[in-house]
Amino acid sequence: MSAATASINAAQVLAELRTRPGRDNGIHVRDLVARITGQAAPAPALERRVREFVSALRLQGEQICGKPDTGYFMAASAAELDETCRYLRSRAVSGLLIESRMRRVSMPALLGQLSLSDKNNATDTVNS
């Protein structure tokens, strides 16, 4: 199977990650792609796809942990889940800080705008 014809789906990603409980069993995305597809050569498009699947699975509540230095793994403890949540929160806050500086507004003002935007979206959804 070549990189052009290889495909990966969310179920495959989740199945492989479920065999990897705990930080010590973490797997980097390149190795995850290789395990699923059997390909040894790097496949950047498939790596991006796996990252998208991980994000989608997390949104569904799957406790997929990991950082660049650990690779992906399933939470084996509350501490591992907390560590990943702190990491994700710090990335989110960093992005919001960048946005606040680019818009030249304070973080509280930006967060207030986001809060209002969320309320408007909820109203729009309810009225649809």
Side-chain angles (χ1 to χ4, degrees):
M1 185 180 304
S2 73
T5 60
S7 66
I8 294 178
N9 62 51
Q12 291 171 304
V13 172
L14 184 58
E16 181 61 34
L17 290 175
R18 284 189 172 154
T19 69
R20 298 184 168 279
R23 180 184 299 106
D24 292 341
N25 292 309
I27 185 169
H28 292 276
V29 70
R30 178 175 290 152
D31 298 325
L32 186 56
V33 168
R35 295 263 317 168
I36 294 169
T37 66
Q39 294 180 240
L46 292 177
E47 292 173 21
R48 282 189 299 277
R49 199 76 181 116
V50 165
R51 289 183 183 99
E52 290 169 1
F53 287 135
V54 167
S55 292
L57 290 164
R58 285 172 167 171
L59 284 171
Q60 293 174 14
E62 295 294 340
Q63 295 182 339
I64 300 171
C65 294
K67 300 186 298 187
D69 62 324
T70 64
Y72 292 121
F73 59 94
M74 298 302 288
S77 69
E80 288 178 346
L81 182 61
D82 288 344
E83 180 182 353
T84 294
C85 290
R86 280 192 305 276
Y87 171 74
L88 293 172
R89 187 178 307 122
S90 74
R91 285 184 35 203
V93 169
S94 176
L96 289 170
L97 179 61
I98 291 168
E99 181 182 356
S100 76
R101 298 287 165 81
M102 290 174 66
R103 293 185 182 278
R104 294 187 172 100
V105 299
S106 69
M107 277 286 273
L110 178 65
L111 293 174
Q113 292 171 7
L114 292 174
S115 177
L116 289 174
S117 175
D118 288 345
K119 288 178 184 173
N120 289 339
N121 288 340
T123 302
D124 291 343
T125 304
V126 170
N127 292 332
S128 296

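Looking at I64 and T84, their side chains never come closer than 4.5 Å, going by heavy atoms from C-beta outward. The shortest distance between side-chain heavy atoms of M74 and N25 does not fall below 4.5 Å. Here the side chains of L46 and V50 are not in contact, with every heavy-atom distance at 4.5 Å or above. You'll find the side chain of L17 reaches within 4.5 Å of the side chain of I27, heavy atoms only. For the pair V29/Y72, a side-chain contact is recorded, criterion being any heavy-atom separation below 4.5 Å from C-beta on.
Looking at residues two or more places apart in sequence or on another chain, you find a side-chain contact (heavy atoms from CB on, under 4.5 Å) between A75 and Q63, C65, L81. Residues satisfying the side-chain contact (heavy atoms from CB on, under 4.5 Å) criterion with S106, sequence neighbours excluded, are P108, A109.
None of T37, I36, D31 except one satisfies the side chain to side chain contact (heavy atoms under 4.5 Å, CB included) rule with V33; the exception is T37.
Residue pairs meeting the salt bridge (Lys or Arg N to Asp or Glu O under 4.0 Å) criterion with at least one member in residues 49-59, sequence neighbours excluded, are R49-E52. Among residue pairs with one or both ends in residues 32-44, those qualifying as salt bridge (Lys or Arg N to Asp or Glu O under 4.0 Å) are E16-R35; sequence neighbours excluded. Counting only residues at least two apart or on different chains, no salt bridge (Lys or Arg N to Asp or Glu O under 4.0 Å) pair has a member in residues 69-82.
Nearest heavy atoms, I8 versus F53: O-CE1, 3.2 Å. Nearest approach of P21 to A76, heavy atoms of both residues: C-CB, 4.2 Å.
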Using residues 87-101 as the side-chain source, report each donor-acceptor pair under 3.5 Å to any protein atom, sequence neighbours left out, with the distance given to one decimal.
residue: S90; atom: OG; partner: Y87; partner atom: O; Å: 2.8
residue: E99; atom: OE2; partner: R103; partner atom: NE; Å: 2.8
residue: S100; atom: OG; partner: L97; partner atom: O; Å: 2.8

